[in-house]
Amino acid sequence: LLQWEHYLSCDGTPDPTVPQEINTFMSLWRDDQDQDVQLVMEKEEVVLHLVEKLEFLLLEAAPGEITDKQRDQYQEVILQLQDLLHQKYNDATQNLLKIASMYEDSETGNMHTVLKDKNVTFCIWANLKKKARFKDHVFQGAGHAFELPMSLALSSVAVRLLHTHYDHVSPLSASLKGTSNNTDDIKETQEEIEKNSEILDASSQGIWLFFMCSTTKVLRLSILCEEPGGREEAPQVVDLEQLVPVGGVFHISALQLPPQAQDVGDWTMVELLDVGLEVYPYSPGKAEDGTQEAVQITLRLPDNVIYFKVPVVARWDPAGQWWRTDGISKITYEAEEKSITFSMGDFYTVALLQDAHLNLPYQAWELHPTGVDEGLFTVTAVFATIQIQIKDNQCMLSSVVVEEEEVLSHITGKWMSPLALRAALKRAGVNIFPAEYSPKYVPVPRKVSDRGVPGGFSLFFLSEHLTAGSAKGNHWSLLMFNGEKVQHLKLTETSEAFSEELEEESEFHSTLYHMVKDSASNEAMDKVERAGCLFIDSVYQLLLATRVLAYS
(Lines give C-alpha, C1' and ligand atoms only; values in the text may rest on other atoms or scores of the structure.)
Protein backbone atom coordinates (compact mmCIF):
# COMPACT_ATOMS: atom_id res chain seq x y z
CA LEU A 1 0.00 0.00 0.00
CA LEU A 2 2.84 2.40 0.87
CA GLN A 3 4.51 1.75 -2.48
CA TRP A 4 1.23 2.30 -4.33
CA GLU A 5 0.60 5.58 -2.49
CA HIS A 6 4.17 6.65 -3.26
CA TYR A 7 3.63 5.85 -6.95
CA LEU A 8 0.45 7.91 -7.03
CA SER A 9 2.08 10.88 -5.28
CA CYS A 10 4.71 11.23 -8.04
CA ASP A 11 6.52 13.92 -6.03
CA GLY A 12 10.07 13.03 -7.00
CA THR A 13 11.06 11.74 -3.57
CA PRO A 14 12.56 8.27 -3.14
CA ASP A 15 10.57 5.29 -1.93
CA PRO A 16 12.08 4.66 1.53
CA THR A 17 11.20 0.95 1.33
CA VAL A 18 13.33 0.43 -1.82
CA PRO A 19 17.01 0.18 -0.81
CA GLN A 20 18.35 1.37 -4.17
CA GLU A 21 16.24 4.52 -4.13
CA ILE A 22 16.81 5.54 -0.53
CA ASN A 23 20.53 4.72 -0.61
CA THR A 24 20.99 6.84 -3.74
CA PHE A 25 19.13 9.71 -2.09
CA MET A 26 21.31 9.59 1.02
CA SER A 27 24.54 9.15 -0.95
CA LEU A 28 23.88 12.14 -3.20
CA TRP A 29 22.99 14.36 -0.26
CA ARG A 30 25.97 13.17 1.75
CA ASP A 31 28.31 14.14 -1.10
CA ASP A 32 26.71 17.54 -1.64
CA GLN A 33 29.16 20.05 -0.13
CA ASP A 34 27.26 23.22 -1.01
CA GLN A 35 25.24 23.43 2.19
CA ASP A 36 23.97 26.27 4.30
CA VAL A 37 21.37 26.26 7.06
CA GLN A 38 18.49 27.32 4.84
CA LEU A 39 19.20 24.53 2.33
CA VAL A 40 19.31 21.97 5.12
CA MET A 41 15.99 23.22 6.47
CA GLU A 42 14.43 22.80 3.03
CA LYS A 43 15.76 19.25 2.65
CA GLU A 44 14.73 18.47 6.20
CA GLU A 45 11.05 18.54 5.20
CA VAL A 46 11.70 15.68 2.75
CA VAL A 47 13.71 13.69 5.27
CA LEU A 48 11.06 13.98 7.98
CA HIS A 49 8.42 12.85 5.51
CA LEU A 50 10.46 9.77 4.62
CA VAL A 51 11.04 8.95 8.30
CA GLU A 52 7.34 9.33 9.04
CA LYS A 53 6.43 7.00 6.17
CA LEU A 54 8.64 4.27 7.56
CA GLU A 55 7.50 4.80 11.16
CA PHE A 56 3.84 4.55 10.16
CA LEU A 57 4.58 1.48 8.07
CA LEU A 58 6.18 -0.22 11.09
CA LEU A 59 3.28 0.75 13.34
CA GLU A 60 0.47 -0.18 10.96
CA ALA A 61 1.91 -3.45 9.70
CA ALA A 62 -0.24 -6.47 10.50
CA PRO A 63 1.42 -9.71 11.67
CA GLY A 64 3.26 -11.30 8.77
CA GLU A 65 2.82 -8.27 6.52
CA ILE A 66 6.52 -7.43 6.69
CA THR A 67 9.39 -9.77 7.47
CA ASP A 68 11.86 -9.37 10.32
CA LYS A 69 14.50 -8.54 7.73
CA GLN A 70 12.35 -5.74 6.31
CA ARG A 71 11.59 -4.41 9.80
CA ASP A 72 15.31 -4.25 10.60
CA GLN A 73 15.96 -2.61 7.24
CA TYR A 74 13.34 0.09 7.78
CA GLN A 75 14.59 0.85 11.29
CA GLU A 76 18.15 1.11 10.00
CA VAL A 77 17.06 3.52 7.26
CA ILE A 78 15.26 5.67 9.84
CA LEU A 79 18.44 5.89 11.93
CA GLN A 80 20.58 6.67 8.89
CA LEU A 81 18.26 9.47 7.77
CA GLN A 82 18.18 10.94 11.27
CA ASP A 83 21.98 10.82 11.60
CA LEU A 84 22.52 12.32 8.14
CA LEU A 85 20.13 15.17 8.85
CA HIS A 86 21.93 16.06 12.09
CA GLN A 87 25.32 15.82 10.37
CA LYS A 88 24.13 18.23 7.69
CA TYR A 89 23.16 20.72 10.41
CA ASN A 90 26.69 20.36 11.82
CA ASP A 91 28.22 20.95 8.38
CA ALA A 92 26.04 24.01 7.82
CA THR A 93 26.95 25.32 11.28
CA GLN A 94 30.65 24.99 10.49
CA ASN A 95 30.23 26.82 7.18
CA LEU A 96 28.40 29.65 8.92
CA LEU A 97 30.98 29.98 11.70
CA LYS A 98 33.80 30.29 9.14
CA ILE A 99 32.31 33.58 7.98
CA ALA A 100 30.92 34.72 11.34
CA SER A 101 32.94 37.99 11.23
CA MET A 102 31.04 39.03 8.10
CA TYR A 103 27.83 39.21 10.16
CA GLU A 104 29.06 40.84 13.36
CA ASP A 105 26.60 42.96 15.28
CA SER A 106 27.38 46.69 15.25
CA GLU A 107 26.53 47.08 18.95
CA THR A 108 28.37 44.13 20.50
CA GLY A 109 30.82 43.17 17.77
CA ASN A 110 29.66 39.56 18.09
CA MET A 111 27.69 37.51 15.59
CA HIS A 112 24.23 36.10 16.24
CA THR A 113 21.36 34.87 14.11
CA VAL A 114 18.06 33.00 14.34
CA LEU A 115 16.58 30.89 11.54
CA LYS A 116 13.39 28.91 11.98
CA ASP A 117 10.55 27.12 10.29
CA LYS A 118 7.86 24.69 11.44
CA ASN A 119 10.38 21.90 12.06
CA VAL A 120 13.39 23.59 13.66
CA THR A 121 14.69 26.73 15.34
CA PHE A 122 18.38 27.38 14.67
CA CYS A 123 20.09 29.86 17.01
CA ILE A 124 23.80 30.63 17.00
CA TRP A 125 26.06 33.19 18.71
CA ALA A 126 29.78 33.70 18.05
CA ASN A 127 31.98 35.39 20.64
CA LEU A 128 34.13 37.44 18.26
CA LYS A 129 35.14 40.25 20.64
CA LYS A 130 35.52 38.21 23.84
CA LYS A 131 34.31 40.93 26.18
CA ALA A 132 33.12 40.01 29.67
CA ARG A 133 30.12 42.32 29.60
CA PHE A 134 28.64 40.35 26.69
CA LYS A 135 28.52 36.99 28.45
CA ASP A 136 24.75 36.67 28.06
CA HIS A 137 22.48 36.86 25.06
CA VAL A 138 18.78 36.61 24.18
CA PHE A 139 17.93 35.20 20.77
CA GLN A 140 15.31 37.64 19.54
CA GLY A 141 12.56 35.93 17.58
CA ALA A 142 13.08 32.65 19.40
CA GLY A 143 12.94 33.65 23.06
CA HIS A 144 15.83 31.40 24.06
CA ALA A 145 18.71 32.84 26.09
CA PHE A 146 21.93 31.92 27.85
CA GLU A 147 24.42 33.31 30.34
CA LEU A 148 28.00 32.04 30.21
CA PRO A 149 30.54 31.65 33.01
CA MET A 150 33.27 34.30 32.92
CA SER A 151 35.87 31.85 31.60
CA LEU A 152 33.79 31.23 28.46
CA ALA A 153 32.94 34.89 27.99
CA LEU A 154 36.64 35.52 27.36
CA SER A 155 37.14 32.58 24.99
CA SER A 156 36.86 31.96 21.24
CA VAL A 157 33.62 30.09 21.59
CA ALA A 158 30.32 29.86 19.77
CA VAL A 159 27.03 28.76 21.31
CA ARG A 160 24.50 26.91 19.19
CA LEU A 161 20.97 26.18 20.35
CA LEU A 162 19.33 23.91 17.82
CA HIS A 163 15.72 23.17 18.72
CA THR A 164 14.35 20.33 16.62
CA HIS A 165 10.59 20.13 17.03
CA TYR A 166 10.91 16.37 16.66
CA ASP A 167 12.81 13.80 18.72
CA HIS A 168 15.57 11.98 16.87
CA VAL A 169 17.52 11.38 20.07
CA SER A 170 15.45 9.00 22.19
CA PRO A 171 16.00 5.33 21.34
CA LEU A 172 13.96 4.25 18.34
CA SER A 173 12.36 1.39 20.31
CA ALA A 174 11.02 3.95 22.81
CA SER A 175 9.47 6.13 20.12
CA LEU A 176 7.68 3.17 18.52
CA LYS A 177 6.89 1.23 21.69
CA GLY A 178 3.36 1.42 22.99
CA THR A 179 1.90 2.95 19.82
CA SER A 180 1.58 -0.10 17.63
CA ASN A 181 -1.69 -0.53 15.80
CA ASN A 182 -1.19 -4.27 15.77
CA THR A 183 -3.55 -5.84 18.29
CA ASP A 184 -1.17 -8.77 18.72
CA ASP A 185 1.34 -6.36 20.26
CA ILE A 186 -1.09 -5.34 22.98
CA LYS A 187 -0.66 -7.74 25.87
CA GLU A 188 -3.27 -7.08 28.51
CA THR A 189 -2.59 -8.51 31.93
CA GLN A 190 -5.87 -7.74 33.67
CA GLU A 191 -8.89 -9.97 33.22
CA GLU A 192 -11.15 -6.92 33.01
CA ILE A 193 -9.27 -5.56 30.01
CA GLU A 194 -9.68 -8.85 28.21
CA LYS A 195 -13.42 -8.77 28.81
CA ASN A 196 -13.71 -5.16 27.68
CA SER A 197 -11.80 -6.05 24.52
CA GLU A 198 -14.56 -8.50 23.68
CA ILE A 199 -16.98 -5.58 23.66
CA LEU A 200 -14.73 -3.80 21.17
CA ASP A 201 -14.69 -6.89 18.97
CA ALA A 202 -18.38 -6.31 18.35
CA SER A 203 -17.37 -3.29 16.28
CA SER A 204 -16.01 -5.61 13.61
CA GLN A 205 -19.49 -7.13 13.33
CA GLY A 206 -20.98 -3.83 12.21
CA ILE A 207 -22.14 -2.18 15.42
CA TRP A 208 -22.85 1.55 15.06
CA LEU A 209 -25.05 2.85 17.81
CA PHE A 210 -24.88 5.68 20.27
CA PHE A 211 -23.34 4.77 23.58
CA MET A 212 -21.92 6.86 26.34
CA CYS A 213 -19.63 6.40 29.31
CA SER A 214 -19.44 8.86 32.19
CA THR A 215 -18.22 8.84 35.76
CA THR A 216 -21.70 9.97 36.82
CA LYS A 217 -23.33 6.79 35.55
CA VAL A 218 -23.50 3.23 36.84
CA LEU A 219 -21.69 2.10 33.69
CA ARG A 220 -18.34 3.38 34.87
CA LEU A 221 -15.72 0.75 33.96
CA SER A 222 -12.24 0.26 35.33
CA ILE A 223 -9.54 -2.32 35.89
CA LEU A 224 -7.57 -3.54 38.85
CA CYS A 225 -4.02 -2.20 38.41
CA GLU A 226 -0.91 -2.85 40.41
CA GLU A 227 0.57 0.17 42.10
CA PRO A 228 3.49 1.91 40.37
CA GLY A 229 6.86 1.19 41.89
CA GLY A 230 9.18 -1.69 42.39
CA ARG A 231 11.52 -0.53 39.63
CA GLU A 232 15.23 -0.76 40.46
CA GLU A 233 16.56 1.76 37.92
CA ALA A 234 18.91 4.49 39.03
CA PRO A 235 16.72 7.35 40.26
CA GLN A 236 18.36 9.90 37.93
CA VAL A 237 17.81 7.86 34.78
CA VAL A 238 14.50 8.64 33.11
CA ASP A 239 11.96 5.86 32.68
CA LEU A 240 10.64 6.50 29.15
CA GLU A 241 7.58 4.41 29.89
CA GLN A 242 6.56 6.96 32.49
CA LEU A 243 8.07 10.25 31.26
CA VAL A 244 8.24 11.20 27.59
CA PRO A 245 9.91 14.12 25.78
CA VAL A 246 7.36 16.70 24.63
CA GLY A 247 8.11 19.65 22.39
CA GLY A 248 11.15 18.25 20.63
CA VAL A 249 14.82 18.32 21.60
CA PHE A 250 17.15 21.24 22.38
CA HIS A 251 20.73 20.62 21.24
CA ILE A 252 22.80 23.12 23.26
CA SER A 253 26.46 23.15 22.27
CA ALA A 254 29.64 25.13 22.93
CA LEU A 255 31.65 25.10 19.70
CA GLN A 256 35.21 26.01 18.81
CA LEU A 257 35.21 29.22 16.80
CA PRO A 258 37.22 28.59 13.60
CA PRO A 259 39.77 31.12 12.22
CA GLN A 260 38.01 34.11 10.73
CA ALA A 261 38.65 35.75 7.38
CA GLN A 262 41.21 38.57 7.38
CA ASP A 263 41.47 41.41 4.87
CA VAL A 264 45.04 41.70 3.58
CA GLY A 265 45.24 44.49 1.04
CA ASP A 266 42.89 43.58 -1.78
CA TRP A 267 42.72 40.01 -0.59
CA THR A 268 40.54 38.23 1.95
CA MET A 269 42.40 35.34 3.53
CA VAL A 270 41.19 32.60 5.83
CA GLU A 271 42.95 29.63 7.37
CA LEU A 272 41.22 26.40 6.42
CA LEU A 273 41.16 23.57 8.94
CA ASP A 274 40.05 20.16 7.77
CA VAL A 275 38.75 19.03 11.17
CA GLY A 276 35.00 19.51 10.88
CA LEU A 277 32.83 21.10 13.55
CA GLU A 278 34.71 21.05 16.86
CA VAL A 279 33.18 21.02 20.32
CA TYR A 280 34.75 23.61 22.62
CA PRO A 281 36.81 21.85 25.35
CA TYR A 282 35.01 23.32 28.33
CA SER A 283 35.70 22.20 31.90
CA PRO A 284 33.69 23.98 34.59
CA GLY A 285 35.85 25.92 37.02
CA LYS A 286 35.05 27.67 40.28
CA ALA A 287 32.85 30.75 40.43
CA GLU A 288 33.71 33.77 42.59
CA ASP A 289 31.59 32.43 45.46
CA GLY A 290 33.49 29.14 45.44
CA THR A 291 30.73 27.10 43.78
CA GLN A 292 31.14 25.33 40.50
CA GLU A 293 30.61 27.41 37.38
CA ALA A 294 27.35 26.82 35.58
CA VAL A 295 25.77 27.73 32.28
CA GLN A 296 22.34 29.31 32.66
CA ILE A 297 19.82 28.52 29.95
CA THR A 298 16.35 29.94 29.33
CA LEU A 299 14.11 28.12 26.88
CA ARG A 300 10.94 29.53 25.38
CA LEU A 301 8.40 26.71 25.32
CA PRO A 302 6.90 25.82 21.93
CA ASP A 303 3.52 27.38 21.21
CA ASN A 304 2.15 24.21 19.62
CA VAL A 305 2.67 22.05 22.70
CA ILE A 306 0.77 21.83 26.00
CA TYR A 307 2.56 21.26 29.30
CA PHE A 308 -0.12 20.46 31.86
CA LYS A 309 2.37 20.48 34.73
CA VAL A 310 5.90 21.75 35.29
CA PRO A 311 7.99 19.80 32.76
CA VAL A 312 10.94 17.71 33.87
CA VAL A 313 14.24 18.93 32.40
CA ALA A 314 16.45 16.04 31.36
CA ARG A 315 19.79 15.78 29.57
CA TRP A 316 20.83 13.15 27.07
CA ASP A 317 23.58 10.78 28.13
CA PRO A 318 25.18 9.48 24.90
CA ALA A 319 27.25 6.90 26.76
CA GLY A 320 24.30 5.25 28.47
CA GLN A 321 21.87 6.10 25.64
CA TRP A 322 19.25 7.42 28.05
CA TRP A 323 17.88 10.63 29.48
CA ARG A 324 19.08 11.75 32.91
CA THR A 325 17.94 14.44 35.33
CA ASP A 326 21.22 14.98 37.20
CA GLY A 327 23.57 17.80 36.20
CA ILE A 328 20.66 20.25 35.94
CA SER A 329 19.70 22.57 38.80
CA LYS A 330 18.02 25.85 39.79
CA ILE A 331 14.97 25.19 37.63
CA THR A 332 12.46 28.04 37.39
CA TYR A 333 9.26 27.55 35.43
CA GLU A 334 7.21 30.53 34.26
CA ALA A 335 3.85 29.22 33.05
CA GLU A 336 2.48 32.61 31.98
CA GLU A 337 5.62 33.55 30.04
CA LYS A 338 5.91 29.98 28.74
CA SER A 339 9.58 29.73 29.64
CA ILE A 340 11.83 27.62 31.80
CA THR A 341 15.25 28.60 33.18
CA PHE A 342 17.86 26.24 34.59
CA SER A 343 21.58 25.86 35.21
CA MET A 344 23.84 23.05 34.05
CA GLY A 345 27.47 22.22 34.63
CA ASP A 346 28.19 21.54 30.98
CA PHE A 347 26.57 21.88 27.58
CA TYR A 348 23.97 19.20 27.00
CA THR A 349 21.24 18.09 24.67
CA VAL A 350 18.11 18.55 26.76
CA ALA A 351 14.42 17.79 26.54
CA LEU A 352 11.33 18.75 28.51
CA LEU A 353 9.55 15.66 29.77
CA GLN A 354 5.95 15.13 30.78
CA ASP A 355 4.17 12.30 32.56
CA ALA A 356 2.78 10.07 29.80
CA HIS A 357 -0.24 9.18 31.96
CA LEU A 358 -1.22 12.48 33.55
CA ASN A 359 -4.48 12.61 31.57
CA LEU A 360 -5.53 9.17 32.79
CA PRO A 361 -7.89 7.82 33.92
CA TYR A 362 -10.57 9.44 31.76
CA GLN A 363 -13.33 11.38 33.48
CA ALA A 364 -15.93 10.62 30.80
CA TRP A 365 -16.29 9.67 27.14
CA GLU A 366 -18.98 9.44 24.53
CA LEU A 367 -19.40 8.35 20.94
CA HIS A 368 -22.37 9.20 18.76
CA PRO A 369 -23.26 9.34 15.06
CA THR A 370 -23.39 12.60 13.12
CA GLY A 371 -24.34 11.17 9.72
CA VAL A 372 -23.86 8.20 7.43
CA ASP A 373 -20.45 6.71 8.25
CA GLU A 374 -19.69 9.74 10.39
CA GLY A 375 -19.38 10.17 14.13
CA LEU A 376 -18.07 12.28 16.97
CA PHE A 377 -15.80 10.83 19.65
CA THR A 378 -15.40 12.91 22.82
CA VAL A 379 -12.95 12.11 25.59
CA THR A 380 -12.92 14.09 28.81
CA ALA A 381 -9.49 13.52 30.31
CA VAL A 382 -8.03 14.86 33.55
CA PHE A 383 -6.83 18.17 32.10
CA ALA A 384 -8.44 18.40 28.66
CA THR A 385 -11.55 17.58 26.65
CA ILE A 386 -10.81 16.22 23.19
CA GLN A 387 -13.34 15.97 20.35
CA ILE A 388 -12.54 13.90 17.27
CA GLN A 389 -14.70 13.68 14.15
CA ILE A 390 -14.67 10.39 12.27
CA LYS A 391 -15.56 9.98 8.61
CA ASP A 392 -14.85 6.85 6.61
CA ASN A 393 -11.14 6.04 7.19
CA GLN A 394 -10.19 9.56 8.31
CA CYS A 395 -10.25 11.44 11.60
CA MET A 396 -10.22 15.15 12.34
CA LEU A 397 -9.43 16.83 15.63
CA SER A 398 -12.41 19.13 16.20
CA SER A 399 -11.19 20.74 19.40
CA VAL A 400 -8.99 20.43 22.45
CA VAL A 401 -10.31 22.44 25.39
CA VAL A 402 -8.12 23.18 28.42
CA GLU A 403 -9.53 25.33 31.21
CA GLU A 404 -12.40 26.43 28.91
CA GLU A 405 -9.97 27.59 26.23
CA GLU A 406 -9.51 25.95 22.84
CA VAL A 407 -5.88 25.11 22.09
CA LEU A 408 -3.75 23.38 19.43
CA SER A 409 -5.30 25.23 16.51
CA HIS A 410 -2.38 24.11 14.31
CA ILE A 411 -3.70 20.52 14.15
CA THR A 412 -7.47 21.06 14.47
CA GLY A 413 -9.64 20.94 11.38
CA LYS A 414 -7.28 18.66 9.43
CA TRP A 415 -8.31 15.22 8.18
CA MET A 416 -5.78 12.45 8.72
CA SER A 417 -5.59 8.75 9.46
CA PRO A 418 -6.29 7.56 13.02
CA LEU A 419 -2.61 6.69 13.44
CA ALA A 420 -1.48 10.11 12.22
CA LEU A 421 -3.92 11.78 14.61
CA ARG A 422 -2.53 9.79 17.53
CA ALA A 423 0.99 10.84 16.60
CA ALA A 424 -0.01 14.50 16.26
CA LEU A 425 -1.76 14.59 19.64
CA LYS A 426 1.15 12.91 21.41
CA ARG A 427 3.63 15.34 19.84
CA ALA A 428 1.47 18.17 21.13
CA GLY A 429 1.56 16.80 24.68
CA VAL A 430 -1.98 15.39 24.71
CA ASN A 431 -1.40 11.70 25.32
CA ILE A 432 -4.69 9.86 25.73
CA PHE A 433 -3.38 6.57 24.39
CA PRO A 434 -2.45 4.00 27.05
CA ALA A 435 0.31 1.53 26.27
CA GLU A 436 0.66 -2.10 27.29
CA TYR A 437 2.71 -1.04 30.34
CA SER A 438 0.29 1.73 31.46
CA PRO A 439 -1.32 -0.35 34.22
CA LYS A 440 1.94 0.01 36.15
CA TYR A 441 1.52 3.80 36.28
CA VAL A 442 -2.23 4.45 36.28
CA PRO A 443 -3.84 3.50 39.60
CA VAL A 444 -7.27 2.74 38.17
CA PRO A 445 -9.18 0.84 40.86
CA ARG A 446 -11.42 -2.14 40.22
CA LYS A 447 -14.79 -0.75 39.18
CA VAL A 448 -17.11 -1.23 42.09
CA SER A 449 -20.28 0.85 42.08
CA ASP A 450 -21.67 2.39 45.23
CA ARG A 451 -24.85 0.55 44.31
CA GLY A 452 -23.16 -2.79 44.94
CA VAL A 453 -22.35 -3.96 41.42
CA PRO A 454 -20.59 -7.35 41.65
CA GLY A 455 -17.05 -7.66 40.32
CA GLY A 456 -16.41 -9.10 36.86
CA PHE A 457 -19.27 -7.22 35.20
CA SER A 458 -19.28 -4.26 32.83
CA LEU A 459 -22.33 -2.00 32.92
CA PHE A 460 -23.11 0.60 30.28
CA PHE A 461 -25.99 2.61 28.90
CA LEU A 462 -27.08 2.34 25.30
CA SER A 463 -29.56 4.34 23.29
CA GLU A 464 -30.85 4.05 19.75
CA HIS A 465 -30.06 7.32 18.01
CA LEU A 466 -31.13 7.71 14.39
CA THR A 467 -30.44 11.38 13.72
CA ALA A 468 -27.44 13.65 13.98
CA GLY A 469 -27.24 15.90 17.02
CA SER A 470 -27.59 15.54 20.75
CA ALA A 471 -28.98 12.37 22.34
CA LYS A 472 -30.26 14.16 25.42
CA GLY A 473 -33.74 13.02 26.30
CA ASN A 474 -33.30 9.65 24.64
CA HIS A 475 -34.48 6.46 26.28
CA TRP A 476 -31.50 4.63 27.74
CA SER A 477 -31.18 0.91 28.33
CA LEU A 478 -28.79 -0.55 30.88
CA LEU A 479 -26.85 -3.59 29.74
CA MET A 480 -24.62 -5.86 31.79
CA PHE A 481 -21.82 -7.87 30.18
CA ASN A 482 -19.68 -10.46 31.96
CA GLY A 483 -17.52 -11.59 29.05
CA GLU A 484 -19.83 -14.47 28.18
CA LYS A 485 -23.31 -13.01 27.88
CA VAL A 486 -25.11 -9.66 27.66
CA GLN A 487 -28.26 -9.03 29.70
CA HIS A 488 -30.81 -6.22 29.58
CA LEU A 489 -31.42 -5.03 33.17
CA LYS A 490 -34.56 -3.52 34.56
CA LEU A 491 -32.37 -1.13 36.55
CA THR A 492 -32.36 2.55 35.55
CA GLU A 493 -29.82 5.29 36.14
CA THR A 494 -31.91 6.72 38.98
CA SER A 495 -32.30 3.41 40.80
CA GLU A 496 -30.91 3.59 44.33
CA ALA A 497 -29.61 0.02 44.57
CA PHE A 498 -28.14 -2.42 42.11
CA SER A 499 -30.29 -5.33 41.01
CA GLU A 500 -29.67 -8.08 38.47
CA GLU A 501 -33.39 -8.26 37.76
CA LEU A 502 -33.88 -8.48 34.00
CA GLU A 503 -36.14 -6.37 31.86
CA GLU A 504 -39.44 -8.13 31.27
CA GLU A 505 -39.56 -10.35 28.18
CA SER A 506 -35.87 -9.78 27.53
CA GLU A 507 -33.35 -12.48 26.68
CA PHE A 508 -29.62 -12.73 27.15
CA HIS A 509 -27.23 -12.92 24.19
CA SER A 510 -23.62 -13.90 23.71
CA THR A 511 -22.55 -10.60 22.12
CA LEU A 512 -23.56 -6.96 22.23
CA TYR A 513 -24.32 -7.11 18.53
CA HIS A 514 -26.92 -9.83 18.91
CA MET A 515 -28.46 -8.12 21.95
CA VAL A 516 -28.90 -4.91 19.97
CA LYS A 517 -30.20 -6.78 16.94
CA ASP A 518 -32.90 -8.32 19.10
CA SER A 519 -34.20 -5.00 20.43
CA ALA A 520 -33.35 -2.31 17.87
CA SER A 521 -35.73 -0.98 15.23
CA ASN A 522 -35.48 -2.08 11.61
CA GLU A 523 -34.30 1.40 10.66
CA ALA A 524 -31.51 1.27 13.22
CA MET A 525 -30.33 -2.15 12.15
CA ASP A 526 -30.46 -1.07 8.52
CA LYS A 527 -28.05 1.73 9.37
CA VAL A 528 -25.85 -0.73 11.23
CA GLU A 529 -25.75 -3.18 8.36
CA ARG A 530 -24.92 -0.43 5.85
CA ALA A 531 -22.03 0.98 7.90
CA GLY A 532 -18.89 1.13 5.77
CA CYS A 533 -15.97 -1.13 6.66
CA LEU A 534 -13.50 1.80 6.57
CA PHE A 535 -15.60 3.76 9.04
CA ILE A 536 -15.99 0.74 11.32
CA ASP A 537 -12.24 0.23 11.28
CA SER A 538 -11.59 3.89 12.17
CA VAL A 539 -13.96 3.67 15.15
CA TYR A 540 -12.34 0.41 16.20
CA GLN A 541 -8.84 1.92 15.97
CA LEU A 542 -9.77 4.90 18.14
CA LEU A 543 -11.50 2.79 20.78
CA LEU A 544 -8.60 0.37 20.85
CA ALA A 545 -6.02 3.19 21.02
CA THR A 546 -7.76 5.04 23.86
CA ARG A 547 -9.10 1.94 25.66
CA VAL A 548 -11.84 4.00 27.21
CA LEU A 549 -13.61 0.92 28.48
CA ALA A 550 -10.65 0.07 30.69
CA TYR A 551 -9.31 3.49 31.67
CA SER A 552 -12.49 5.39 32.62
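Note that the structure is a prediction, hence the values are computed from the model and not measured.
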List the residues meeting salt bridge (Lys or Arg N to Asp or Glu O under 4.0 Å) with [X], not counting sequence neighbours, and say none if there are none.
| X | value |
| --- | --- |
| E44 | none |
| K414 | none |
| K118 | E45 |
| R300 | D303 |

Self-check item: With sequence neighbours excluded, residues passing side-chain contact (heavy atoms from CB on, under 4.5 Å) with A314
Solution: V238, W323, T325, L353
With the side chain counted from C-beta on, respond yes when [X] and [Y] share a heavy-atom pair under 4.5 Å apart, and no when they do not.
| X | Y | value |
| --- | --- | --- |
| P245 | L240 | yes |
| V313 | L299 | no |
| L512 | L462 | yes |

Taking only residues two or more places apart in sequence, or in another chain, which ones meet [X] in a side chain to side chain donor-acceptor pair (under 3.5 Å)?
| X | answer |
| --- | --- |
| T298 | T341 |
| D326 | R315, R324 |
| N304 | none |
| S398 | Q389 |

Practice problem: Indicate the ring-plane relationship of F139 and F146, choosing parallel, tilted or perpendicular according to the 30° and 60° boundaries. | Solution: tilted
Quiz item: So Y437 and Y441, would you call those rings parallel, tilted or perpendicular, with 30° and 60° as cut-offs?
Solution: perpendicular
Quiz item: Which residue pairs pass the ring pair (Phe, Tyr, Trp, His ring centres under 6.0 Å) test with at least one member in residues 370-400, sequence neighbours excluded?
Solution: F308-F383
Practice problem: Could you note down all residue pairs passing salt bridge (Lys or Arg N to Asp or Glu O under 4.0 Å) where residues 393-406 supplies at least one of them, sequence neighbours left out? | Solution: none
Practice problem: Apply side chain to side chain contact (heavy atoms under 4.5 Å, CB included) to I340 and L301, showing your working. | Solution: CA-CA 7 Å; I340 190 165; L301 305 186; 4.0 Å; yes
Using atom types as modelled and distance alone, determine if a side-chain donor or acceptor of [X] lies under 3.5 Å from a backbone N or O of [Y].
| X | Y | value |
| --- | --- | --- |
| Y362 | I432 | yes |
| D355 | H357 | yes |
| E60 | L419 | no |

Quiz prompt | Exceeds 12 heavy-atom contacts within 6.0 angstrom, atom NZ of K517 | solution = no
Practice problem: Take atom NZ of K338 as the centre, draw a 6.0 Å sphere, and report whether it contains more than 12 heavy atoms from other residues, nucleotides or ligands. | Solution: yes
Exercise. Determine, step by step, whether F250 and H144 satisfy the ring-ring contact (aromatic ring centres under 6.0 Å, His included) criterion, reporting the C-alpha distance in whole Å, the side-chain angles of both residues, the deciding distance to 0.1 Å, and the verdict.
Key: CA-CA 10 Å; F250 300 85; H144 308 314; 5.7 Å; yes
Quiz item: Is there any side chain to side chain donor-acceptor pair (under 3.5 Å) pair reaching into residues 375-386, and which pairs are they, with sequence neighbours excluded?
Solution: T378-Q387
Exercise. Kindly compute the distance separating NE2 (H168) from CD (Q82), expressed to the nearest 0.5 Å.
Key: 4.0 Å
Exercise. Please report the C-alpha distance between F481 and M515 in whole Å, then the side-chain angles of each, then the deciding distance to 0.1 Å, and finally whether the side chain to side chain contact (heavy atoms under 4.5 Å, CB included) criterion is met.
Key: CA-CA 11 Å; F481 179 58; M515 168 62 79; over 6 Å; no
Quiz prompt | side chain to side chain contact (heavy atoms under 4.5 Å, CB included) assessment of H165 paired with N119 | solution = CA-CA 5 Å; H165 300 177; N119 299 314; 5.5 Å; no
